[in-house]
Structure formats: structure tokens, C-alpha cells
Amino acid sequence: MQFVEGRFDTKEVNLVLVPKEKHGEVLLCVKEPGSGFNLPIGEITLYDSELYVDFKATLDDATKLGEEICRRFNEFPKDKKL
């Protein structure tokens, strides 16, 4: 992603959650309408070690938190988004 450049309209995009259990990641991604790409903009980490067992222990909570963040962003009125 270091060589990717461009802009997108924050009023038209959706925030989606991409939990990757196999890779030990819970990603917040931006998805533009009509696009098949999810652009990662953040990662939810609820543990302070690099151990996979700690990731697995917090996966459900990280997923629930991410779903709530996505829900709130997507339901926010478009006319009040930047």
C-alpha cells in the first residue's frame, strides 16, 4: 500500500470490517461503491503481545468493536460527514 495514491469521497464510502483469523488481524477498511477493493485504514488490536494465542483470545471482542465502529460510521448522516 506504500505506493498507492488517490482520493475518495468520504460521504460515499462505507466502512467494512475484515477479520483475518488466519493472519491474526482485524482490519477496518474503506470500500467505495462499485469497487471490489477494501482499502485498509486501521487495525483493531486488543492485546499487547505478538502472540497468536492472545489474538485468538480477543478476536470476538475486537470483531464486535469493529462492527460497532462500522455501523456508526455507515449510519452517520452523509450531510454531516467531511
Side-chain angles (χ1 to χ4, degrees):
M1 295 301 295
Q2 70 185 26
F3 300 109
V4 175
E5 291 184 19
R7 296 177 175 257
F8 56 86
D9 186 357
T10 57
K11 293 182 181 185
E12 299 301 322
V13 297
N14 283 322
L15 197 59
V16 295
L17 185 71
V18 180
K20 293 182 171 184
E21 186 174 347
K22 183 177 178 182
H23 298 286
E25 298 177 322
V26 178
L27 301 173
L28 288 170
C29 299
V30 173
K31 184 174 186 119
E32 290 186 282
S35 172
F37 295 106
N38 296 324
L39 303 170
I41 60 168
E43 182 176 355
I44 298 175
T45 306
L46 299 180
Y47 56 97
D48 62 355
S49 70
E50 295 296 321
L51 301 175
Y52 183 75
V53 67
D54 292 335
F55 164 75
K56 286 291 286 177
T58 61
L59 176 61
D60 288 338
D61 291 332
T63 301
K64 288 176 186 174
L65 175 61
E67 289 170 347
E68 183 64 18
I69 291 169
C70 291
R71 183 189 69 78
R72 290 181 185 207
F73 178 86
N74 295 333
E75 289 180 359
F76 197 78
K78 286 185 180 183
D79 62 332
K80 294 187 179 181
K81 290 183 181 178
L82 298 176

What donor-acceptor contacts under 3.5 angstrom involve side-chain atoms of residues 15-31, with partners at least two apart or in another chain?
| residue | atom | partner | partner atom | Å |
| --- | --- | --- | --- | --- |
| E21 | OE2 | K56 | NZ | 2.1 |

> Going by the salt bridge (Lys or Arg N to Asp or Glu O under 4.0 Å) test, which pairs reach into residues 57-77, not counting sequence neighbours?
Replying inline: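 Qualifying pairs: E68-R71, E68-R72, R71-E75.
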> Which pairs count as ring pair (Phe, Tyr, Trp, His ring centres under 6.0 Å) when at least one residue sits in residues 61-82, sequence neighbours excluded?
Replying inline: none
>> Any non-hydrogen side-chain atom of D54 less than 4.5 Å from a side-chain atom of D48?
In response: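 Contact flag for D54/D48 side chains = no.
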>> With side chain to side chain contact (heavy atoms under 4.5 Å, CB included) as the criterion, how do T63 and I44 come out once you've worked through the C-alpha distance, each side chain's angles and the decisive distance to 0.1 Å?
In response: CA-CA 8 Å; T63 301; I44 298 175; over 6 Å; no
> Which hydrophobic side chains are connected to V53, either touching it within the sub-4.5 Å cutoff or through other members that do?
Replying inline: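 Its cluster partners, ordered by chain and number, are L51.
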>> Going by the rule ring pair (Phe, Tyr, Trp, His ring centres under 6.0 Å), which residues pair with F55 if we only count those two or more places apart in sequence or in a different chain?
In response: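 Listed in chain order: Y52.
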> Got a second to check how far S35's OG is from N14's CG, nearest 0.5 Å?
Replying inline: 11.5 Å
>> Test your reading of the model: is there a side-chain donor-acceptor pair from T45 to the backbone of Y47, 3.5 Å cut-off?
In response: no
